[in-house]
> 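Structure below; questions to follow.
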Amino acid sequence: MNLSEIASRFILPGSVVSHEEITTGLINTTYVVTCRSGSTEKRFILQSINSAVFPEPEKVMENIFHVTLHIGSRDPGTEQLCLIPIHEGRSWLRLPNNTIWRCYPFHEGTETFEKITSPDLAFRAAAAYGRFQSRLSDLDPSTLHETLPNFHHTPTYFAKLLAAVKSDPEERLAEVQADVDFILSKKCLTTALTGAGLPTRITHNDTKISNILFPTNPALPPIVIDLDTVMPGLALFDFGDMVRSAASSAAEDEADLEKVFIDKDMRKALTEGYLSTAAEFLTPEETALLPVSAEVLTFELATRFLTDHLLGDKYFRTKYPAHNLVRARNQLALLKSM
Ligand code: GN1
Ligand code: MG
């Protein structure tokens, strides 16, 4: 089935006139599809879920369905992510080969950033992620599937790195021994969040800065996208990952490590923005651990990238052979600057 045929299974206006792949995400396959009805063109996002990463993609869709419905009902006036149903009524499409596709309206008049440059945007992004958690704070976390068990359980990633170091299937260890040693020296970070007895909430779990759509009209609130990993988690997974991503002076795969460090003004703006919407539900214990959460999430992603490099780049999509190593070293440089 080609892309236009897949698109035509969703309730879209008119016929598909073009489509283009977007390759910024590291996991799923994403297209922008343009439909024409009469003289009007409208764009949509059509995306298939990577089933190597998400073994139960329909549970991912059930979570997204549940969460978008809840947010939509709590805040009907604002533009949110919403699923476009297929003609048979469901909010996603399952093909005979078990691939799952979903379709969203393309939010025109918005922009995304791989790297953020103004504290004002940082504040708005952080307030949006805090608002996202806040809107879900009256939904019971146990009503969502844990689609990726232990997704931010840092000790699990640490153990996976140790196993990869031991097996070294691609014989890449010698080249990265210093990186491995640095990670081992930071082992105490592994349990800083998961061992702290913090409350389980509904969290986004992938709060990188490129998962926010900023309306070009600054009066409008940002839109949180990429809800694949929405599930029970700790509030600080989201805060830490957001600081990791948005307060870095450089893109996640900048290879010149001199350019990679934490931007303290940006971190301050993110903290203030997050607290502007999250302070109402955070416990004092959570608030106290905000600073360390950025270190934990940076450490965790460095560990994940390095493990994937050792295992032969099986998880994260790469654009060149040592891409995951570059990413891992980038995150380690960021961590050292925190
Ligand atoms: C992946 O799907 P995407 O590209 O937004 C990853 C995140 C990482 C991120 C790093 C399901 O996110 O955990 O932080 O790459 N998502 C999954 O860019 O593993
Ligand atoms: Mg994602």
Side-chain angles (χ1 to χ4, degrees), residues 21-31 45 47-57 59-61 63-64 81 100 102 104 112-116 125 128-129 132 144-154 156-158 160-161 193-194 203-213 223-234 236-248 250-255 260 293-309 311 313-319 323-335:
E21 189 171 357
I22 322 183
T23 57
T24 45
L26 306 195
I27 306 291
N28 295 320
T29 309
T30 308
Y31 298 88
I45 294 288
Q47 195 174 47
S48 73
I49 304 185
N50 179 337
S51 57
V53 169
F54 296 101
E56 297 183 290
K59 290 194 173 167
V60 172
M61 293 314 301
N63 280 358
I64 296 177
L81 202 65
I100 301 291
R102 70 293 183 67
Y104 299 106
T112 56
F113 299 92
E114 288 296 313
K115 182 176 122 37
I116 211 161
Y129 278 130
F132 180 85
L144 295 190
H145 305 290
E146 212 184 331
T147 47
L148 294 176
N150 292 328
F151 185 55
H152 281 306
H153 191 258
T154 317
T156 299
Y157 291 114
F158 190 80
K160 284 184 180 170
L161 175 66
L193 298 184
T194 51
T203 49
H204 182 282
N205 296 307
D206 187 10
T207 49
K208 58 187 193 184
I209 196 62
S210 55
N211 283 335
I212 298 252
L213 304 180
I223 302 166
V224 172
I225 60 167
D226 188 358
L227 307 187
D228 292 337
T229 49
V230 170
M231 58 185 153
L234 303 184
L236 299 188
F237 294 158
D238 286 357
F239 179 78
D241 203 36
M242 175 181 73
V243 173
R244 173 197 75 69
S245 165
S248 175
E252 205 172 83
D253 60 355
E254 170 60 60
V260 183
S293 70
E295 289 183 55
V296 174
L297 273 287
T298 307
F299 170 87
E300 179 183 285
L301 190 58
T303 305
R304 294 174 66 195
F305 282 145
L306 192 61
T307 304
D308 202 32
H309 174 70
L311 295 181
D313 309 306
K314 300 283 190 290
Y315 187 94
F316 295 106
R317 192 186 356 255
T318 53
K319 292 186 175 161
H323 203 169
N324 278 320
L325 178 57
V326 166
R327 289 170 175 147
R329 288 184 171 156
N330 172 303
Q331 295 299 299
L332 290 178
L334 183 64
L335 176 63

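Both counts, for ligands and for their atoms, begin at 1 and track the order of listing.
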> Would you mind telling me if ligand 1 is within reach of the side chain of L26, the backbone, both or neither, using heavy atoms under 4.0 Å?
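For L26, the contact with ligand 1 is made by both the backbone and the side chain.
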
> Is it the case that the side chains of T298 and Q331 hold a donor-acceptor pair, with the cut-off being a distance below 3.5 Å and no angle test?
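There is no such pair between these side chains.
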
> F54 heavy atoms, cut-off 4.0 Å: which ligand 1 atoms fall inside?
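Those atoms are 11 (C).
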
> Hey, does H152 come in under 3.5 Å of ligand 1, counting only N/O atoms on both sides?
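No, since none of the N or O atoms of H152 sits under 3.5 Å from an N or O of ligand 1.
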
> Atoms of ligand 1 less than 4.0 Å from N211 heavy atoms?
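That gives atoms 5 (O) of ligand 1.
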
> What are the atoms of ligand 1, with element, lying closer than 4.0 Å to any heavy atom of G25?
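Selected atoms, number and element: 4 (O).
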
> I'd like to check which ligand 1 atoms, numbered from 1 as shown, lie under 4.0 Å from a non-hydrogen atom of I27.
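Every atom of ligand 1 under 4.0 Å from some heavy atom of I27: 1 (C), 2 (O), 16 (N), 17 (C), 19 (O).
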
> So for ligand 1, is Y315 a polar contact partner (N or O within less than 3.5 Å, distance only)?
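Yes: some nitrogen or oxygen of Y315 is under 3.5 Å from one in ligand 1.
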
> Does the side chain of D253 pick up a donor-acceptor pair with the side chain of H323 at under 3.5 Å?
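Yes.
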
> Could you say whether the N/O atoms of D226 and ligand 1 ever approach to under 3.5 Å?
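Indeed, backbone or side chain, D226 has an N or O that close.
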
> Scan side-chain atoms only and decide if R327 and N324 contain a donor-acceptor pair under the 3.5 Å cut-off.
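Judged by distance alone, the side chains do pair up.
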
> Could you check whether any heavy atom of R304 sits closer than 4.0 Å to an atom of ligand 1, since that is the contact criterion I want to use?
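R304: in contact with ligand 1 (<4.0 Å).
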
> So for ligand 1, is K208 a polar contact partner (N or O within less than 3.5 Å, distance only)?
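Among all N and O atoms of K208, at least one is under 3.5 Å from an N or O of ligand 1.
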
